[in-house]
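Input: one structure, supplied below.
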Amino acid sequence: MQYLIKNKLLLFIFIGIQLCFSQSFVSKHFDITNGLPSNNVRCVFKDSRGLLWVGTENGLSLFDGKGFKVFTVNDGLAGNDIWDIVEDKNNDLWLSCYGKGLSKFDGHKFINYNTSDGLVNNYIRTLHVNKANQLLIGTQ
């Protein structure tokens with residue numbers, strides 16, 4: 001009986017400590033009602049300026065902390081299905097537009113590349129910029 005009381009007391013103390021010192025994190029849910037072009041998010045990238053870029057199956061979104069600005073093929077993207085985002089040392093963003101090739105965004109305009117420009121495949125799944133500032137491209 002005394003063993004049971006000690007275990008209950010230890011459990012009570014442990015739960016009390018957990019409640020006193022546990023952290024709660026504030027989070028906010030974003031979806032198409034908040035300005036995302038799609039609820040199917042493929043990638044998220046924080047650039048060197050601290051801006052958050054979200055690649056979705058229906059376009060690219062820039063979140064500045066207040067709201068979203070959406071970029072699509074109508075703005076010059078090669079395709080709307082964005083699978084990966086990286087930034088090079090020149091602060092240019094590289095975007096894999098799955099099935100449509102590659103887009104480079106310099107902050108003002110998009111420059112697009114596909115198999116006719118030398119890409120092995122337009123179905124780009126992943127991107128990486130190495131220490132020599134070379135863009136490595138992983139395709140299907």
Side-chain angles (χ1 to χ4, degrees):
M1 184 72 173
Q2 198 173 22
Y3 176 75
L4 188 59
I5 293 172
K6 284 182 183 179
N7 281 344
K8 285 183 179 180
L9 181 61
L10 284 174
L11 181 63
F12 179 74
I13 291 171
F14 178 73
I15 291 173
I17 289 171
Q18 286 292 92
L19 290 174
C20 290
F21 294 103
S22 65
Q23 297 178 0
S24 62
F25 297 97
V26 177
S27 64
K28 183 158 172 67
H29 178 82
F30 294 104
D31 58 20
I32 57 173
T33 61
N34 305 103
L36 277 176
S38 172
N39 288 333
N40 293 326
V41 173
R42 305 275 193 212
C43 60
V44 178
F45 180 78
K46 184 178 176 184
D47 72 11
S48 60
R49 297 177 300 164
L51 298 173
L52 190 68
W53 296 86
V54 181
T56 75
E57 72 173 12
N58 207 19
L60 174 70
S61 292
L62 167 61
F63 184 70
D64 62 5
K66 298 174 188 163
F68 289 98
K69 177 172 174 49
V70 177
F71 301 93
T72 66
V73 292
N74 296 333
D75 301 299
L77 266 173
N80 286 334
D81 198 0
I82 310 300
W83 275 41
D84 202 6
I85 305 166
V86 294
E87 182 177 23
D88 65 19
K89 292 180 182 178
N90 302 321
N91 301 108
D92 294 327
L93 290 182
W94 293 89
L95 313 155
S96 65
C97 303
Y98 193 76
K100 301 294 182 178
L102 181 69
S103 287
K104 177 179 139 180
F105 184 60
D106 65 4
H108 304 289
K109 66 182 181 315
F110 292 96
I111 300 171
N112 300 316
Y113 305 91
N114 58 36
T115 52
S116 64
D117 299 303
L119 285 178
V120 175
N121 192 312
N122 286 331
Y123 292 87
I124 300 171
R125 294 179 185 249
T126 187
L127 301 168
H128 177 74
V129 175
N130 66 15
K131 290 181 181 180
N133 204 33
Q134 297 170 318
L135 179 66
L136 306 175
I137 302 170
T139 67
Q140 179 171 304

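On a predicted model such as this, the values are computed, not experimentally measured, just so you know. If you read the sequence from its start, that first residue is 1, and numbering goes on from there.
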Exercise: do Thr33 and Asp31 side chains pair donor with acceptor under 3.5 Å: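 The answer is yes; a qualifying pair exists.
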Nearest heavy atoms of Asn91 and Ser48, plus distance in Å: ND2-OG, 2.7 Å
Backbone of Asn114 reached by a side-chain donor or acceptor of Asn122 within 3.5 Å: no
Salt bridge present between Asp64 and Lys66 (N-O < 4.0 angstrom): no
Heavy-atom closest contact (Leu119 atom, Tyr113 atom, distance): CD1-O, 3.5 Å
Residue from Asn58, Asp81, Val70, Asn80 passing side chain to side chain contact (heavy atoms under 4.5 Å, CB included) with Ser38: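 Exactly one candidate clears the test, Asn58.
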Closest approach of Ser61 to Phe68 (non-hydrogen atoms, all atoms of both residues): CB-CD2, 3.7 Å
Qualifying residue for side chain to side chain contact (heavy atoms under 4.5 Å, CB included) with Phe110, from Leu95, Val73, Leu93: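 For Phe110, the side chain to side chain contact (heavy atoms under 4.5 Å, CB included) check succeeds only for Leu95.
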Interatomic spacing from NZ in Lys46 to CD in Glu87 - rounded to 0.5 Å: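 If I round to the nearest 0.5 Å, the distance is 11.5 Å.
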Lys89 side-chain N/O to Lys131 backbone N/O, donor-acceptor pair under 3.5 Å: yes
Val54 side chain reached by Leu60 side chain, heavy atoms, under 4.5 Å: no
hydrophobic_cluster_shared for Phe45 and Trp94, side chain cutoff 4.5 Å: no
Shared hydrophobic cluster for Val129 and Ile124 (ILVMFWY, side-chain gaps under 4.5 Å):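 Yes, same cluster.
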Exercise: identify the closest heavy-atom pair between Tyr123 and Asn121: N-OD1, 2.7 Å
Donor-acceptor contact below 3.5 Å, side chain Asn39 vs main chain Ile32: yes
OG1 on Thr139 to OH on Tyr98, rounded to 0.5 Å: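 Interatomic distance, Tyr98 OH to Thr139 OG1, rounded to 0.5 Å: 9.0 Å.
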Student check: side-chain heavy atoms of Val44 and Leu52 closer than 4.5 Å: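 Of all side-chain heavy-atom pairs linking Leu52 with Val44, at least one is under 4.5 Å.
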Spacing of CG belonging to Leu136 relative to CG belonging to Leu127, to within rounding of 0.5 Å: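 Going from CG on Leu136 over to CG on Leu127, the span is 9.0 Å.
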Euclidean distance, Phe63 CZ relative to Phe30 CZ, rounded to 0.5 Å: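 Those atoms lie 3.5 Å apart.
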Within-4.5 Å side-chain heavy-atom neighbours: Val86 and Leu135: yes
ILVMFWY cluster, Val41 and Ile85 together (side-chain gap under 4.5 Å): no
Those residues that, when tested against Asn40, pass side chain to side chain donor-acceptor pair (under 3.5 Å) (two or more places apart):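 So Asn40 forms a side chain to side chain donor-acceptor pair (under 3.5 Å) with Glu57.
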Side chain Ser96, main chain Asp84, donor-acceptor under 3.5 Å: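 Present.
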For residues 99-107, please give each side-chain donor-acceptor pair under 3.5 Å, one per line with the distance, not counting sequence neighbours.
| residue | atom | partner | partner atom | Å |
| --- | --- | --- | --- | --- |
| Ser103 | OG | Ala78 | N | 2.9 |
| Ser103 | OG | Asn112 | OD1 | 2.5 |
| Asp106 | OD1 | His108 | N | 2.8 |
| Asp106 | OD1 | Lys109 | N | 2.8 |
| Asp106 | OD2 | Lys109 | NZ | 3.1 |

Minimal non-hydrogen separation, Leu77 against Phe71, with atom names: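 Residues Leu77 and Phe71, closest heavy atoms: CD1-O, 3.4 Å.
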